[in-house]
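A short write-up of the structure that comes next.
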Amino acid sequence: MSKVVCKTKRIGGGFGGKETRSAFIAAIAAVPSYHLNRPVKLTLDRDIDMMITGQRHSFLGKYKVGFANNGKVLALDLGIFNNAGNSLDLSLAILERAMFHSDNVYEIPNVRVNGRVCFTNFPSNTAFRGFGGPQGMLITENWIQRIAVEVKKRPEEIREINFISDGTLLHYGQLIEHCTLDRLWNELKSSCDWLKAQQEVEQFNLHNRWKKRGVAMIPTKFGISFTTKFMNQAGALVQIYTDGTVLVTHGGVEMGQGLHTKVAQIAASSFNIPLSSVFISETSTDKVPNASPTAASASSDMYGAAVLDACEQIKARMEPITSRHNFSSFSELVNACYMERIDLSAHGFYITPDVGFDWGTGKGSPFRYFTYGAAFAEVEIDTLTGDFHTRRADVYLDLGYSLNPAIDVGQIEGAFVQGLGWVALEELKWGDAAHKWIRPGCLYTCGPGSYKIPSVTDVPFKFHVSLLKVSIMILLPRYLGVLGCPKELKIFTIQCMVFEHIKWGAPNAKAIHSSKAVGEPPFFLASAVFFAIKDAIIAARAEVGCNEWFPLDNPATPERIRMACTDEFTKPFVDSDFHPKLSV
Ligand code: MTE
């Protein structure tokens, strides 16, 4: 490993698919390269890539849930199964994350979760944004929705009364602290005008037989850290040159998520120099060895902290010179240090503290902290064709003191639309014994002709993304009551307000500069579209007197939507548990 240097300037998007599967392609290219003693480049055709690289794992959830008449959940007995394909790859870790997330944001006093990885004749499935978390949470939201049908309430009411809060002990023993779920939920509720949105949808549905609208609000909590403890380590190398520029190298890979920008910002602010003076050239194994995968959304937390560690070391060495007199520029200071033979290069290191989980006892704290979010969606479906569009989506995320709100909002928008593909568009179809023209276990939907990914027209017509903060405007009414008081008290009160505002932002003490990880957490929030579709289907079915619960598998494709909208045309042909051909 010390003789082979792997370098990556950036990758054109990975989303998990290149976490382990890239190794096979690299190995295949390395053999001819070794024998011919020349560079070899291997580029897969799109269809070959889709057929062999592996996909997000499909999951099956079997649940038994105990609940009170008001919808309060008392117990959950859950079995989850994931489709690993023909090798283990990351399937076990993905199953584990699904198990950790199978409570989503709900306090459940008694939980038993059993997970099974299934060995099948499919190409090996692999990591994809969320890494099992979204699948675990989707199963949860399905049984929450089922409780709602049983007790004849809206699912959002069931969600609210079961929310976790500070002090909740999760099913694997981790204590919930600094929970911002309630604040996010309430801000979302007022931003989408929840009651009005429901009433408008009801009115629309009353007056339309073949088009139906639906709404849903979905919360999420995503655990930040690798659940495999040793992976929570990060290295960095920071080098200052005599012209005052800084070269940063760290173990993380840039894939469009803005990691290099965030890390460069951290170095620039540490040295108090412009961002343009900091350069990240590439990720390279001869600069930072033994790096973990750039995954689990934690890279800016970890590499940011490792870089900060290196910067602090150099600053400590420079301190005797810095304090000697006022330098007019950073390069002047650096030059002075150089003349004094001060080492201007440092290796930084970070380990995520206080994480660990014991699979023997089933207890521990696998996550450093949680990123919380909530989303609202309104959809309209055509009950005769199954076509749908998302009329509106509002997304709220708590990202602490965001390192870079522009990047983070882009991550949320991207994750939501990508998640929308997962819940409503992207369906994999496989050969099976009944369809001999595709070999069993072979992928049929291996290109844009048969596999539909989100396009610009699938973006919600109205799309609002917000980061959690409590503005002075919101706090104001809390203090208006005292405005009838003497003037001095008023001034004091206004000072308190400003202080409260600062305190009431959403800082996260557990990560670099009080920020929070963003990459994967918003992905699951697109399930608000799925449950809004289901809400619209419920309205369609109600018109023909079908009010009982019905299954709706992910993704809610037009085929599934159409068949679930039971009417005189479908009744002779399909049951309520309709299953599309070739789909797993
Ligand atoms: N954003 C872009 N543009 N491209 C990507 O490949 N991957 C996502 C997310 N955002 C990805 C992305 C996934 S799956 C993860 S785990 C995180 O970025 C990884 O980077 P981070 O740890 O720096 O957030």
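When a ligand or atom number is given, it counts from 1 through the structure's own listing order.
Distances from atom 24 (O) of ligand 1 to the heavy atoms of S297, P522, S300 put S297 nearest. Nearest residue to atom 7 (N) of ligand 1 from F523, Y303, F15, F128 is F15 (criterion: closest heavy atom). Looking at G17, G256, G130, it is G256 that brings a heavy atom closest to atom 3 (N) of ligand 1.
Proximity to A296 (heavy-atom distance under 4.0 Å) selects the following atoms of ligand 1: 16 (S). Atoms of ligand 1 lying under 4.0 Å from at least one heavy atom of A298, given by number and element, are 22 (O). Each of the following atoms of ligand 1 lies closer than 4.0 Å to a heavy atom of G13: 6 (O). For ligand 1, the atoms lying closer than 4.0 Å to a non-hydrogen atom of Q257 are 1 (N), 2 (C), 3 (N), 10 (N), 12 (C), 18 (O), 20 (O), 21 (P), 23 (O). Applying the 4.0 Å criterion to heavy atoms of S299 picks out, from ligand 1, the atoms 21 (P), 22 (O), 23 (O).
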Test side-chain contact (heavy atoms from CB on, under 4.5 Å) on R129 and F131 and set out the steps. CA-CA 6 Å; R129 203 173 199 169; F131 206 77; over 6 Å; no
Test S191 against H464 for side chain to side chain donor-acceptor pair (under 3.5 Å), laying out the working first. CA-CA 9 Å; S191 96; H464 305 286; over 6 Å; no
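Side-chain contact, T180 with D398: a donor N or O sits under 3.5 Å from an acceptor N or O.
Atom NZ of K7 and atom OG of S281 lie 8.0 Å apart (nearest 0.5 Å). Rounded to the nearest 0.5 Å, atoms CD (E520) and OG1 (T220) are 11.0 Å apart. Note that OG1 of T261 and CD1 of I280 are 7.5 Å apart. Values are rounded to the nearest 0.5 Å. Distance check, rounded to the nearest 0.5 Å: CZ of F523 to CD of Q411 gives 12.5 Å. To the nearest 0.5 Å, atom OG1 of residue T371 and atom CG of residue L397 are 7.0 Å apart.
For atom 1 (N) of ligand 1, the closest non-hydrogen atom on the protein side is Q411 NE2, 3.0 Å. Among all protein heavy atoms, the one lying closest to atom 15 (C) of ligand 1 is E520 CG, 4.2 Å.
Among the atoms of G14, some N or O lies under 3.5 angstrom from an N or O of ligand 1. By the 3.5 Å distance cut-off applied to N or O atoms, M255 is counted among the residues near ligand 1.
By the 4.5 Å heavy-atom criterion applied to side chains, L138 and W422 are counted as neighbours.
Contact annotation: for A127 versus ligand 1, there are no heavy atoms closer than 4.0 Å. With a heavy-atom cut-off of 4.0 Å, A415 does not touch ligand 1 at all.
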